[in-house]
Amino acid sequence: MPSRTSKRSRDGAAIDGKSVAAFDRLYRDHVDRMYRFAQRLCGSPDDAKDLVQETFLSAYRSLKDFRGESSISTWLYTIAAHACQRMRRKRKGEPERELSLDALIPTADGDMPLQVPGTDLTPEERLEHKELRHSLFSAVHQLPKKYRMVLVLRDMEGLSAREVGAVMGLTERAVKSRLHRARLFVRHELNGQRPGGAGPPLQAARPRADAGRPSGIAGD
Amino acid sequence: MTTRRRKPRAPNRQSTVQCRKLLRTISEYLDNDLPRPMCAEIRKHLGACPKCELVVRSLKRTINLCKKADVARLTASDKTRIRKEILTAVSRL
């Protein structure tokens with residue numbers, strides 16, 4: 001309940017000491033995590049800062065509505081995911097693309113024996129190499145956004161498939177399908193190879209009539 | 001002295017079908033999301049198929065890289081600036 005001295009913004013968010021204190025706690029506890037997420041998602045630090053600002057602005061406005069049905073971090077991830085979509089629509093980027101599973105699965109007649117570079121080193125050692133880190137983020141940023149979001153939330157932020165589904169409004173099945181495609185895509189990019197050998201760049205944008213339709217084992 | 005090169009064998013069709021089936025489910029296998037009998041079947045195939053084994057190993061490595069990949073932290077001055085801008089925006093609305 002706002003105090004007598006509190007005022008309200010036009011959208012109903014209270015601006016008083018109590019609300020600001022609650023916001024400050026939220027901000028202090030979660031800003032680092034949200035910035036990490038935003039950077040992994042956006043790539044550029046400036047875009048990540050914009051996303052953090054949008055996220056916490058939206059969080060301030062809806063803090064009073066948070067009922068604790070999900071963890072506060074899942075709630076913030078959801079707000080950030082929506083903010084990211086809004087920002088993307090404003091920029092009128094490329095339309096969302098589909099990743100074809102058939103194009104990503106290695107075939108038996110050529111590109112099966114792919115390896116992530118530097119198999120003689122442990123992942124931890126390789127990660128110390130700036131180049132590999134750059135390659136990884138470059139590969140992640142070539143992913144269409146809906147796949148990137150799943151990969152970042154699941155494999156980088158460590159959310160469960162169920163939590164990713166809650167954040168993105170997807171079934172667990174759809175999360176797993178997108179995750180599998182995203183991982184295969186990143187693996188290919190890290191190898192610097194393309195399905196089918198020396199062909200054109202990986203067909204991330206290859207449209208498929210059946211994209212997003214249930215397709216047996218790994219369909220959406 | 002010339003050495004005779006053995007002609008590469010055409011991939012066994014049944015094996016290829018098994019490979020493709022396995023590679024469609026491999027993320028779930030690595031995430032321990034598959035039923036035990038399926039995991040046993042996959043392990044059996046991997047033991048007999050070095051190509052699939054290599055793909056699985058590189059995919060596992062890719063996932064580990066993602067898990068370990070860290071990014072720069074937000075500076076204290078940026079934290080303060082963003083907080084201030086949020087509170088200013090809220091008071092203007």
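For the numbers below, each heavy atom of this structure counts, side chains included, while hydrogens, waters and symmetry mates do not. In the text below, chain A, chain B and the rest are named by the order of the sequence lines, each starting its count at 1.
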Practice task
Report the C-alpha separation of A/V186 and B/I63 in whole Å, then their side-chain angles, then the decisive distance to 0.1 Å, and conclude whether the side-chain contact (heavy atoms from CB on, under 4.5 Å) test is met.
Solution key: CA-CA 9 Å; A/V186 171; B/I63 296 166; over 6 Å; no
Exercise for the section: Using atom types as modelled and distance alone, determine if a side-chain donor or acceptor of A/R40 lies under 3.5 Å from a backbone N or O of B/A69. Expected result: yes
Problem - Contact check, side chains of A/V20 and B/R83, non-hydrogen atoms, under 4.5 Å - result: yes
Practice task
Below 4.5 Å from any heavy atom of chain A, which atoms of B/R57 appear? Answer side chain, backbone, both or neither.
Solution key: neither
Practice task
Heavy-atom distances under 4.5 Å only: say whether A/R154 touches chain B with side chain, backbone, both or neither.
Solution key: side chain
Fill in the blank from the handout: ring-ring contact (aromatic ring centres under 6.0 Å, His included) filter on A/F37, not counting sequence neighbours, yields A/Y77
Exercise for the section: Show your reasoning for whether salt bridge (Lys or Arg N to Asp or Glu O under 4.0 Å) applies to B/E28 and A/R173. Expected result: CA-CA 10 Å; B/E28 287 178 276; A/R173 185 75 245 162; 3.4 Å; yes
Exercise for the section: Check whether any side-chain heavy atom of B/D78 lies under 4.5 Å from a side-chain heavy atom of A/Y35, and answer yes or no. Expected result: no
Practice task
Report yes if some heavy atom in the side chain of B/L87 is under 4.5 Å from a heavy atom in the side chain of A/F23; otherwise report no.
Solution key: yes
Practice task
Count the heavy atoms of every other residue, nucleotide or ligand shown that sit under 6.0 Å from CZ of B/R81, and state whether that count exceeds 12.
Solution key: yes
Exercise for the section: Under 4.5 Å heavy-atom distance to chain B, tell me which part of A/F56 shows up: side chain, backbone, both or neither. Expected result: both
Handout entry: Minimum side-chain heavy-atom gap A/R187-B/V55 below 4.5 Å
Key = yes
Practice task
Salt-bridge test for B/D31 and A/R183: reply yes if a basic N is under 4.0 Å from a carboxylate O, no otherwise.
Solution key: yes
Handout entry: Heavy-atom contact with chain B under 4.5 Å, split by part of A/D155
Key = both
Handout entry: Carboxylate-amine/guanidinium contact B/K79 A/D32, below 4.0 Å
Key = yes
Problem - Listed partners of B/S77 passing side-chain hydrogen bond (donor to acceptor under 3.5 Å, both in side chains), at least two apart - result: B/T75
Handout entry: Flag side-chain contact, heavy atom, 4.5 Å: B/I82 against A/Y27
Key = yes
Exercise for the section: Salt-bridge test for A/K49 and B/E85: reply yes if a basic N is under 4.0 Å from a carboxylate O, no otherwise. Expected result: no
Completion exercise
Between the OG1 atom in B/T62 and the CG atom in A/L184, the distance rounded to the nearest 0.5 Å is 9.0 Å
